[in-house]
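Quick note: residue numbers are just sequence positions, from 1. Order of appearance sets the numbers: ligands from 1, and atoms from 1 within every ligand. Fair warning: this is a prediction, and the values are worked out from it, not measured in the lab.
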Amino acid sequence: MSSERKPIKRIVIAGGGTAGWMVAAALSKTLGKLLDIKLIESDEIGTVGVGEATIPTLLTFHSLLEINEQEFMAATQATFKLGISFENWRDRGQDYIHSFGLTGKDHWTAGFQHFWLKGRERGLAGEYGDYCLELKAAQQSKFAHLPRAGMNYAFHLDATLYAKYLRKFSEGFGVQRIEGKITEVALAGENIAALRLDSGALIEGDLFIDCTGFRGLLIGEALGVGYEDWSHWLACDSAVALQTVSTGPALPYTRSIAHAAGWQWRIPLQHRVGNGLVYASKHIDDEQAKQALLANVEGEALTQPRVLRFQPGQRHQTWRANCVAIGLSSGFLEPLESTSIHLIQRGITRLLQMFPSKGICPADIAEYNQQSRNEIEHIRDFIVLHYHVTQRQDSAFWRHCREMSIPASLRHRIDLFRETARVFRVPNELFAENSWIQVMLGQGILPQQHHQVADLMGDAELARFLNSIRQQVDQTVVQLPAHQAYVESYCRVAG
Ligand SMILES: Cc1cc2nc3c(=O)[nH]c(=O)nc-3n(C[C@H](O)[C@H](O)[C@H](O)COP(=O)(O)OP(=O)(O)OC[C@H]3O[C@@H](n4cnc5c(N)ncnc54)[C@H](O)[C@@H]3O)c2cc1C
């Protein structure tokens with residue numbers, strides 16, 4: 001191990017997709033003065049070219065990088081996103097929105113859902129979503145920035161333009177981009193010593209970041225770190241993607257529409273719409289998937305349908321020796337809750353917090369890997385929830401999802417909510433209580449009881465409490481501008 005304890009000065013990032021350029025941007029902005037950072041990418045290989053829906057944590061990343069939001073949105077043709085509309089997931093013809101907002105007001109002993117359940121029982125409450133600003137704004141296609149971060153939001157963005165934007169940003173902080181295909185990974189003991197390019201050039205480094213996408217050229221192929229397969233919980237392993245022209249104002253939310261053997265996404269950008277069908281190849285073939293997508297897009301196609309294959313799961317280790325895998329090389333669940341870019345961002349933050357300036361130590365590696373594992377397993381459970389808790393029985397795919405065994409950690413959460421309406425968030429978990437509640441209610445779980453503290457309120461008091469929240473939401477939403485108009489005035493792309 002002593003050979004590993006050498007100061008880290010030369011960073012080589014392999015791959016220039018969203019992951020590679022996000023790593024380059026964050027490292028160069030924070031530690032650029034101390035490091036020599038090179039990024040190798042191959043125009044010939046290209047990027048995965050999808051990954052256009054984000055979650056609110058991206059705002060934190062941009063604020064750390066001091067990125068100007070208007071400039072970023074104009075450069076990436078971005079729109080605002082307030083949540084995801086899940087259509088036909090619980091059953092055909094039934095929809096709900098998982099919004100980024102908070103719903104109602106909690107009491108310290110019991111979350112708002114307990115008061116809402118009591119109100120529902122007494123005929124005093126509306127829909128659960130009526131008490132959430134972001135959800136109501138999404139339904140009415142409205143948006144504005146509100147004082148004191150009063151509206152939680154994320155973005156829909158063009159992934160190719162985002163990488164381009166971050167490239168310019170990173171080069172401004174001294175990152176050196178090298179065009180070329182990596183043909184060989186040269187090892188020195190258990191470490192990576194250098195990457196050989198097709199030009200013959202040898203790029204040496206102290207720390208290598210594997211951002212080469214699904215292939216995991218460094219972490220998987222060179223260092224032999226295996227992959228844990230989660231396809232027994234996540235049956236979808238393929239997607240077909242297609243871009244279309246916009247046919248109307250951009251919605252401030254992603255649409256996720258369940259199909260017989262998967263689901264379809266619809267991501268509205270300023271200049272076009274991103275569409276795709278995520279499916280289980282065991283249940284439909286590529287041609288059927290393409291036809292199902294083409295039959296369900298609005299607007300003229302701008303590209304040919306493109307099939308992508310993936311394996312849901314994660315690397316056994318995301319940091320091994322002097323190589324850290326970030327992005328698709330480290331694992332991929334599936335796009336349902338738009339969590340991949342978030343996981344890239346978390347990998348970067350963790351690396352910066354544990355940056356091995358004075359040399360790599362095994363304790364850092366172990367801590368990094370444990371944190372990565374906890375994080376992705378939590379997100380995995382949340383995604384599996386959407387598939388498993390469904391009333392759909394109309395296809396072999398949905399019957400499989402209903403009947404499959406699920407992780408024990410998820411089983412516990414579902415049982416706890418079903419029996420007691422309680423949800424607890426463990427520190428550092430991505431999805432907070434309100435996300436779990438919105439999805440569990442949306443998928444059709446109605447808790448059997450509520451906390452007694454809600455019974456202490458008489459009908460009149462409870463009605464006043466619920467109505468005051470709803471009125472506040474309605475009064476705010478009515479004053480918001482249309483999302484499309486807001487985007488046009490805030491960050492319209494010139495020309
Ligand atoms: C169908 C689908 C939908 C998705 N939707 C979302 C979403 O809505 N939201 C979200 O957050 N995420 C989404 N993702 C995930 C998201 O696309 C990725 O997390 C993100 O694009 C990062 O990819 P990457 O940079 O790791 O890999 P890639 O984009 O594949 O980039 C790999 C890079 O490595 C380079 N490279 C590879 N091999 C070599 C070599 N030999 N030599 C030199 N360079 C090489 C390539 O040229 C490229 O620059 C989706 C993924 C899929 C498959």
Side-chain angles (χ1 to χ4, degrees), residues 12-24 38-55 57-58 61 81 84 154-160 162-164 166-167 177-185 195-199 201 203 209-222 236-242 254-256 262-267 269 274-279 289 293 305-312 315 318 325-348 379 383 430:
V12 180
I13 302 166
T18 305
W21 284 113
M22 282 178 78
V23 172
K38 294 187 171 70
L39 183 146
I40 304 163
E41 68 177 324
S42 158
D43 283 342
E44 194 189 315
I45 295 176
T47 67
V48 72
V50 281
E52 310 206 309
T54 67
I55 57 174
T57 50
L58 193 64
F61 185 70
K81 174 182 171 189
I84 305 174
F155 310 101
H156 297 125
L157 51 82
D158 180 317
T160 307
Y162 189 48
K164 213 163 138 188
L166 292 177
R167 172 179 166 186
R177 175 188 182 270
I178 301 169
E179 167 64 34
K181 216 194 260 184
I182 302 160
T183 51
E184 187 195 335
V185 179
L195 304 179
R196 170 87 59 197
L197 305 189
D198 52 355
S199 62
I203 314 296
I209 317 293
D210 186 347
C211 298
T212 59
F214 285 128
R215 197 169 151 197
L217 192 61
L218 279 56
I219 194 90
E221 290 189 16
C236 292
D237 61 358
S238 307
V240 51
L242 170 75
T254 305
R255 286 182 68 196
S256 165
W263 63 278
Q264 180 185 345
W265 79 75
R266 193 163 195 282
I267 298 176
L269 305 178
N275 307 273
L277 185 80
V278 177
Y279 56 98
L293 179 63
R306 193 164 58 92
V307 172
L308 298 135
R309 211 64 81 201
F310 56 88
Q311 185 183 15
R315 287 272 163 214
T318 45
I326 295 183
L328 296 171
S329 60
S330 70
F332 181 59
L333 296 165
E334 69 134 278
L336 190 61
E337 282 281 356
S338 330
T339 47
S340 274
I341 294 174
H342 165 81
L343 284 168
I344 294 171
Q345 178 183 335
R346 287 292 304 136
I348 295 168
I379 296 173
I383 294 176
L430 171 61

Quick one, Trp263 and Ser256 - any side-chain contact, counting heavy atoms below 4.5 Å? yes
With a 4.0 Å cut-off on heavy atoms, is [X] in contact with ligand 1?
X: Thr54; value: no
X: Gly180; value: yes
X: Phe332; value: yes

Identity of the nearest option to [atom], non-hydrogen atoms only, from [options]:
atom: atom 48 (C) of ligand 1; options: Gly49, Gly46, Gly15, Ser42; result: Gly46
atom: atom 42 (N) of ligand 1; options: Ile267, Ile182, Asp198; result: Ile182
atom: atom 32 (C) of ligand 1; options: Ser330, Ser340, Cys211; result: Cys211
atom: atom 2 (C) of ligand 1; options: Thr212, Val48, Leu218, Val50; result: Val50
atom: atom 10 (C) of ligand 1; options: Gly17, Ala53, Gly20; result: Ala53
atom: atom 14 (N) of ligand 1; options: Gly327, Ala19, Gly51; result: Gly51
atom: atom 40 (C) of ligand 1; options: Leu58, Ile45, Ile341; result: Ile45

Do Arg196 and Thr183 get their side chains close enough for a donor-acceptor pair, meaning under 3.5 Å? no
Among residues at least two apart in sequence or on other chains, which ones pass side-chain hydrogen bond (donor to acceptor under 3.5 Å, both in side chains) with Glu184? none
Should you measure from each heavy atom of [X], which atoms of ligand 1 turn up under 4.0 Å away?
X: Ile344; value: 19 (O), 22 (C)
X: Ala239; value: 1 (C)
X: Thr18; value: 20 (C), 21 (O), 22 (C), 25 (O)

On the 0 to 90° scale, with breaks at 30° and 60°, tag the Phe214-Phe310 ring pair as parallel, tilted or perpendicular. parallel
Identified side-chain contact (heavy atoms from CB on, under 4.5 Å) partner of Ser338 from the options His156, Lys81, Glu52: Lys81
